[in-house]
Amino acid sequence: MADHDHDPHHEHGSELSETQLRVRALETILTEKGYVDPAALDAIVEAYETKVGPRNGAAVVARAWTDPAFKQALLKDATAAVATLGHVSPVGDHLVAVENTSGRHNMVVCTLCSCYPWEVLGLPPVWYKSAPYRSRAVKDPRGVLADFGVSLPKETEIRVWDSTAETRFLVLPTRPAGTEGWSEERLADLVTRDSMIGTGLARSPAEMPR
Amino acid sequence: MNGIHDMGGMDGFGKVEVEANEPPFHERWEGRVLAMQRALGYAGAWHIDDSRFSQEALPPQTYLAASYYWRWALGMQKNLIERGFVAADEIAAGHALRPAKPLPRKLTADVVQAGMTRSSFFRQQQAPARFKPGDRVRTMNIHPQTHTRLPRYARDKLGTVELIHGCHAFPDSVATDRGDDPQWLYTVVFDGCEIWGADADPTLKISIDAFEPYLELA
């Protein structure tokens, strides 16, 4: 197959249509052979476009911020704890939640491919799967955080979790100050995708649109 | 294999570029590739580590030049051909030219949720765990030409076992068609300076999830 431009925004029309044609041909072959059902493919695409996303993870974090027993259960066995929240899609057996504290900041990467907790965060963004992030997160995490506009105190321990097996990591960000008494739903709006990867922090109430 | 995919610690790739309000897929074909991969995995065509290895084994210049889902498509096509599910002349023709090789099952629209639920990688233990949290361990200095999940930057390094995740299918064996070969899985944490030397950020700690054959007691 022909090489393909790295950045989808800089694809040339002809290359793009060639890619589309090749993928369509592959689907035709697999369908004719009976290996795949196009209706099932439609349903998978639709689910990732509409149902599976970081709202699921944000609900988990908001619950952990408001319910100490749930937080304890989450840190002990995230798979089991998340399963108790009926509205979140079922996660695999190997979810691990890691907590940010005043002394420690967690950040998740997959240097070897693109391992990411899909069920709670949806599909990973392009940057997570990109060479700059995969190469630098383990060596220069503060530099990576600076790319995200995040600066942490210089004494804060930075813990980078390289997802080298089927374990998946969800960062439990620190609850922002000034949110005492907030509902879970309101708190969930503060929980960004990046704060659950560890390349960001949860939003403060001041950052929210009025 | 010591491939281009093993990127941890490499320099020169530049700044992390974030796209605001990024959609799940940038082009329709990307979603089709993801869904076909998912469906073939459910059908039992191959294991996730076979998918990974097929991409790692792409020529480095192809790996770097390909967009993410195009890399998936290239790896999928490679596995389809190598495992006898599709022939090269069928790819060229854009149609099936001969009967299918049977697969254990098929992902149909009524079982899509099952196909999207991540399978478990827990396996029956073959022996008691050799290590426990707190043990000092050294990672092996291994350079297999086949699939491994021990990144280069973390080989022959001194670390501490922090967590035990149970007994899992062993990717190095799965991707060489040697079966699940269950192994204990541990989170092993290293000081930044053990990995990157004296100039490393003193506040940095890095962990990998390491299968037992990657480790020896220090």
Side-chain angles (χ1 to χ4, degrees), chain A residues 1 3-4 6 8 16 19-20 23 25-30 32-37 39-41 43-45 47-49 90-94 111-113 119 122-123 125-127 129-135 138-139 141-142 144 147-148 155-162 164-167, chain B residues 5-10 13-19 22 24 26-27 29 31-33 35-36 38-40 43 52 62 65-68 70 73-74 77 86 90 94-96 100 103 106-109 112 116-118 120-122 149 151 153 165 168 185 196 201 203-209:
Chain A
M1 288 191 178
D3 281 351
H4 194 263
H6 180 69
L16 182 63
T19 305
Q20 272 173 332
V23 172
L26 197 56
E27 184 176 333
T28 300
I29 297 166
L30 299 185
E32 287 174 355
K33 291 217 168 210
Y35 298 142
V36 304
D37 169 6
L41 304 185
I44 291 172
V45 171
Y48 284 113
E49 283 180 331
V91 296
D93 275 346
H94 314 295
T111 61
L112 296 174
C113 52
E119 297 94 337
L123 297 174
V126 167
W127 63 258
K129 307 174 286 193
S130 71
Y133 186 69
R134 287 165 55 191
S135 60
V138 285
K139 189 178 180 188
R142 286 180 191 267
V144 169
D147 289 350
F148 284 84
E155 63 278 7
T156 301
E157 179 187 314
I158 311 278
R159 168 62 178 276
V160 180
W161 300 77
D162 192 354
T164 54
E166 297 303 339
T167 325
Chain B
H5 68 285
D6 188 355
M7 293 180 162
M10 288 179 76
F13 285 116
K15 200 168 178 288
V16 179
E17 300 283 354
V18 179
E19 178 186 344
E22 186 180 327
H26 290 84
E27 301 291 341
W29 65 266
R32 302 315 280 183
V33 170
M36 284 191 271
R38 226 44 214 203
L40 289 167
R52 293 190 181 116
T62 305
S67 69
Y68 181 71
W70 189 240
L74 293 172
Q77 184 172 300
V86 171
E90 295 178 306
H95 282 284
L103 281 169
K106 181 174 180 176
L107 186 69
T108 49
V112 157
M116 288 184 56
T117 302
R118 218 163 151 252
S120 177
F121 293 84
F122 281 136
R149 296 294 289 181
Y153 75 80
H165 298 293
H168 287 225
L185 180 66
W196 308 119
D201 180 341
T203 63
L204 172 59
K205 291 196 188 302
I206 305 157
S207 63
I208 62 167
D209 283 348

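All values below come from the heavy atoms of this structure, side chains included, with hydrogens, waters and symmetry mates left out. Each chain gets a letter, A, B and so on, in the order its sequence line appears, and its residues count up from 1.
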Side chain, backbone, both or neither: which part of [X] has an atom under 4.5 Å from a heavy atom of chain A?
| X | result |
| --- | --- |
| B/Asp201 | side chain |
| B/Glu17 | backbone |
| B/His5 | both |
| B/Leu185 | side chain |
| B/Leu107 | both |
| B/Arg52 | side chain |

Heavy atoms only: give me the nearest [X]-[Y] pair and the separation to one decimal.
| X | Y | result |
| --- | --- | --- |
| B/Ala39 | A/Leu41 | CB-CD2, 3.9 Å |
| B/Arg118 | A/His94 | NH1-CD2, 4.3 Å |
| A/Tyr35 | B/Lys106 | O-CG, 4.0 Å |
| A/Val45 | B/Gly31 | CG2-O, 3.3 Å |
| A/Asp147 | B/Val16 | OD2-N, 2.9 Å |
| A/Cys113 | B/Arg149 | SG-NH1, 3.3 Å |

Quiz item: Are the side chains of B/Met10 and A/Arg134 in touch, meaning some heavy atoms are under 4.5 Å apart?
Solution: no
Self-check item: Note, A/Glu27 side chain near B/Trp29 side chain (heavy atom, < 4.5 Å)
Solution: no
Quiz item: Does the side chain of B/His168 pick up a donor-acceptor pair with the side chain of A/Glu166 at under 3.5 Å?
Solution: no
Exercise. State whether a side-chain donor-acceptor pair under 3.5 Å links B/Asp209 with A/Thr167.
Key: yes
I need the [X] [atom1] to [Y] [atom2] distance, nearest 0.5 Å.
| X | Y | atom1 | atom2 | answer |
| --- | --- | --- | --- | --- |
| A/Ser130 | B/Phe13 | OG | CZ | 9.5 Å |
| A/Ile44 | B/Arg32 | CD1 | CZ | 9.0 Å |
| A/Asp93 | B/Phe121 | CG | CZ | 9.5 Å |

Quiz item: Most heavy-atom pairs under 4.5 angstrom with chain A, which of B/Ala43, B/Pro24, B/Ser207?
Solution: B/Ser207
Quiz prompt | Residue A/Leu30 versus chain B: region with a heavy atom under 4.5 Å | solution = side chain
Quiz item: Of the backbone (N, CA, C, O) and the side chain (C-beta and beyond), which part of A/Pro125 lies under 4.5 Å from a heavy atom of chain B, both, or neither?
Solution: both
Quiz item: Considering the options A/Arg142, A/Glu155, A/Arg159, which one meets the side-chain hydrogen bond (donor to acceptor under 3.5 Å, both in side chains) requirement together with B/Thr203?
Solution: A/Arg142
Option in [options] with maximal non-hydrogen atom pairs under 4.5 Å from chain B:
| options | result |
| --- | --- |
| A/Thr156, A/Val36, A/Val138 | A/Val138 |
| A/Ser135, A/Pro141, A/Ala47, A/Ala165 | A/Ser135 |
| A/Thr28, A/Leu123, A/Leu112 | A/Leu112 |

Quiz item: Please walk me through it: do B/Ile206 and A/Trp161 pass side-chain contact (heavy atoms from CB on, under 4.5 Å)?
Solution: CA-CA 6 Å; B/Ile206 305 157; A/Trp161 300 77; over 6 Å; no
Practice problem: Keeping the roles fixed (side chain from B/Glu22, backbone from A/Val126), state whether a donor-acceptor pair exists under 3.5 Å. | Solution: yes
Quiz item: Does the pair B/Met36 and A/Val23 meet the rule for a side-chain contact (heavy atoms from CB on, under 4.5 Å), with working shown?
Solution: CA-CA 10 Å; B/Met36 284 191 271; A/Val23 172; 3.8 Å; yes
Self-check item: Worked verdict on B/Lys205 versus A/Val160 for side-chain contact (heavy atoms from CB on, under 4.5 Å)
Solution: CA-CA 6 Å; B/Lys205 291 196 188 302; A/Val160 180; over 6 Å; no
Quiz item: Can you list the steps and then say if B/Val18 with A/Phe148 is a side-chain contact (heavy atoms from CB on, under 4.5 Å)?
Solution: CA-CA 8 Å; B/Val18 179; A/Phe148 284 84; 3.4 Å; yes
